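In what follows, residues are counted from 1 in the order of the sequence shown. Keep in mind it's a predicted model, so treat the numbers as computed, not measured.
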Amino acid sequence: MKGEKLRNLSFFLSPMIIMVGLFYLIPLIFTIYISFTKMRNWNIERYLTEVVGFYNYQRLFHMFQHDPLMRTVLLTTIIFVGITLIINVFGGLLLALGTFFINESSASAIRLLWLLPRMSPIAVYSLVWYYFFHGSEIGTLNSILMKLGVLSQPIPWGQIVPWGAWSVIIFVNGLVGVSFGMIVFTSALNQIPKELVIAARVDGASAWQISRKILVPMMKWHLLYVLTWQFLSLLTTYPHLFLLVQWDLVSRDYGTTLALYVYNTAFGRGEQDQGLAAAAAVLLSIIGILGGFVTLKVLQFEKMIHEPRGDIE
């Protein structure tokens, strides 16, 4: 019996295990190896076998200590991930709860509206906000405020450091992330027995009381999943940031996170330093692993996976 269960388990898990090995573990091992070499400009023949130990890590930590631009990248990463994570998780939760208490047709329309940023191509979505926050008269926001008499001249919103640049990148990425949380939380709410809500309504409970006492406590697994997933996603995302920085909408210094720094160092214009980029990527992976572990500890993951009481055959 156990052998049959093991075969069935292996059958269903093997595709995912193969994918994880090919697209996550092997690239991670290769990245760690490159971080111990002087790889530059993808000159594999010259640098791949030239191992330099922790030289790239020493360079990286020296830059964190003495390079103001590198400290700005680290600070931007902390601000971007922290604030956007709060917006994504609680924004998605509020949207899911808000649409839960209205009729289905209106709820579906609202959800579809919030899904548009996620369904749009990255370049198209970023271009929309490029023209919205543009620092000249063609910028939608500047145009509206100037016509209302609020501004006398256009403001380069993304070039105001630090909070102007931070606000733009947080806003643009926040709209995309909110929709993800909304989908997961809406799915969770639809699995909660309607009888619980009906009984609470009969007892005179308000929507706020129902949400706080019944719905949210029954969504702990989903909160854990969204929080962990969004944290890791924000820590490693860079496509929207890359376009906004390339188009000079936001300040290059205050619009660059550690993930974007890794990409620019490895694949950007001019001198490419894959060894240093790999070291930064390994550091980013360590931060992600530690952050995910702390999240599981804080949300008491161990208690959530305890076996149920009683004998279950």
Handout entry: Shortest non-hydrogen contact from Gln274 toward Asn41
Key = OE1-N, 2.9 Å
Problem - Asp253 and Ser251 side chains, donor-acceptor separation under 3.5 Å - result: no
Handout entry: Test side chain to side chain donor-acceptor pair (under 3.5 Å) applied to Thr84 - qualifying residues, sequence neighbours left out
Key = none
Practice task
Evaluate whether atom CE of Met16 has more than 12 neighbouring non-hydrogen atoms of other residues, nucleotides or ligands under 6.0 angstrom away.
Solution key: no
Exercise for the section: Look at the aromatic rings of Trp229 and Phe180 and report parallel, tilted or perpendicular, splitting at 30° and 60°. Expected result: parallel
Practice task
Check for a donor-acceptor pair, side chain of Arg71 on one end and backbone N or O of Gln65 on the other, with a separation under 3.5 Å.
Solution key: yes
Handout entry: Side-chain donor-acceptor contact under 3.5 Å, Ser35 with Tyr57
Key = yes
Handout entry: More than 12 heavy atoms of other groups within 6.0 Å of Glu271 CD
Key = yes
Practice task
Indicate the atoms forming the closest heavy-atom contact of Leu258 with Phe64, along with that distance.
Solution key: CD1-CZ, 4.4 Å
Fill in the blank from the handout: Smallest heavy-atom separation, Leu97 atom then Ser211 atom, equals CD2-OG, 4.0 Å
Exercise for the section: Mark yes when over 12 heavy atoms from residues, nucleotides or ligands other than Phe90 sit less than 6.0 Å from its CZ; otherwise mark no. Expected result: no
Practice task
Answer yes when Glu137 and Lys147 have at least one side-chain N-carboxylate O distance shorter than 4.0 Å, and no when they do not.
Solution key: no
Practice task
Return yes when atom CZ of Phe101 has more than 12 non-hydrogen atoms of other residues, nucleotides or ligands closer than 6.0 Å, and no otherwise.
Solution key: yes
Practice task
Taking Glu50 for its side chain and Lys38 for its backbone only, find out whether a donor-acceptor pair lies under 3.5 Å.
Solution key: no
Exercise for the section: Could you tell me whether the side chain of Leu223 reaches within less than 4.5 Å of the side chain of Leu227, counting heavy atoms only? Expected result: no
Exercise for the section: Give a yes or no answer on whether the side chain of Ser126 reaches the backbone of Ile122 with a donor-acceptor pair at less than 3.5 Å. Expected result: yes
Problem - Residues, nucleotides or ligands: over 12 heavy atoms within 6.0 Å of Tyr33 OH - result: yes
Exercise for the section: Determine whether more than 12 heavy atoms belonging to other residues, nucleotides or ligands lie under 6.0 Å from atom CZ of Arg46. Expected result: no
Exercise for the section: May I ask you to decide if the ring planes of Trp129 and Tyr125 are parallel, tilted or perpendicular, using 30° and 60° as cut-offs? Expected result: perpendicular
Exercise for the section: Quickly, which of Ser120, Ser233, Pro117 forms a side chain to side chain contact (heavy atoms under 4.5 Å, CB included) with Val176? Name it, please. Expected result: Pro117
Practice task
Kindly say whether Ile102 contributes a backbone atom to a donor-acceptor pair with the side chain of Ser106 at under 3.5 angstrom?
Solution key: no
Practice task
Give a yes or no answer on whether the side chain of Gln230 reaches the backbone of Asn88 with a donor-acceptor pair at less than 3.5 Å.
Solution key: no
Exercise for the section: Using distance alone, with no hydrogens and no angle criterion, decide if Asn190 and Ser187 have a side-chain donor and acceptor under 3.5 Å apart. Expected result: no
Problem - Check: Tyr254 side chain, Val73 main-chain N or O, donor-acceptor pair, under 3.5 Å - result: no
Handout entry: Residues in side chain to side chain donor-acceptor pair (under 3.5 Å) contact with Ser179, at least two apart in sequence or another chain
Key = Arg118
Handout entry: Shortest non-hydrogen separation from Met39 to Tyr47 and the atoms involved
Key = CA-CB, 3.5 Å
Handout entry: Ring centres under 6.0 angstrom apart (Phe171, Phe133)
Key = yes
Fill in the blank from the handout: When every non-hydrogen atom of Leu85 is compared with those of Leu234, the smallest separation belongs to N-CD1, 3.5 Å
Handout entry: Donor-acceptor pair between Asn43 and Arg40 side chains, under 3.5 angstrom
Key = no
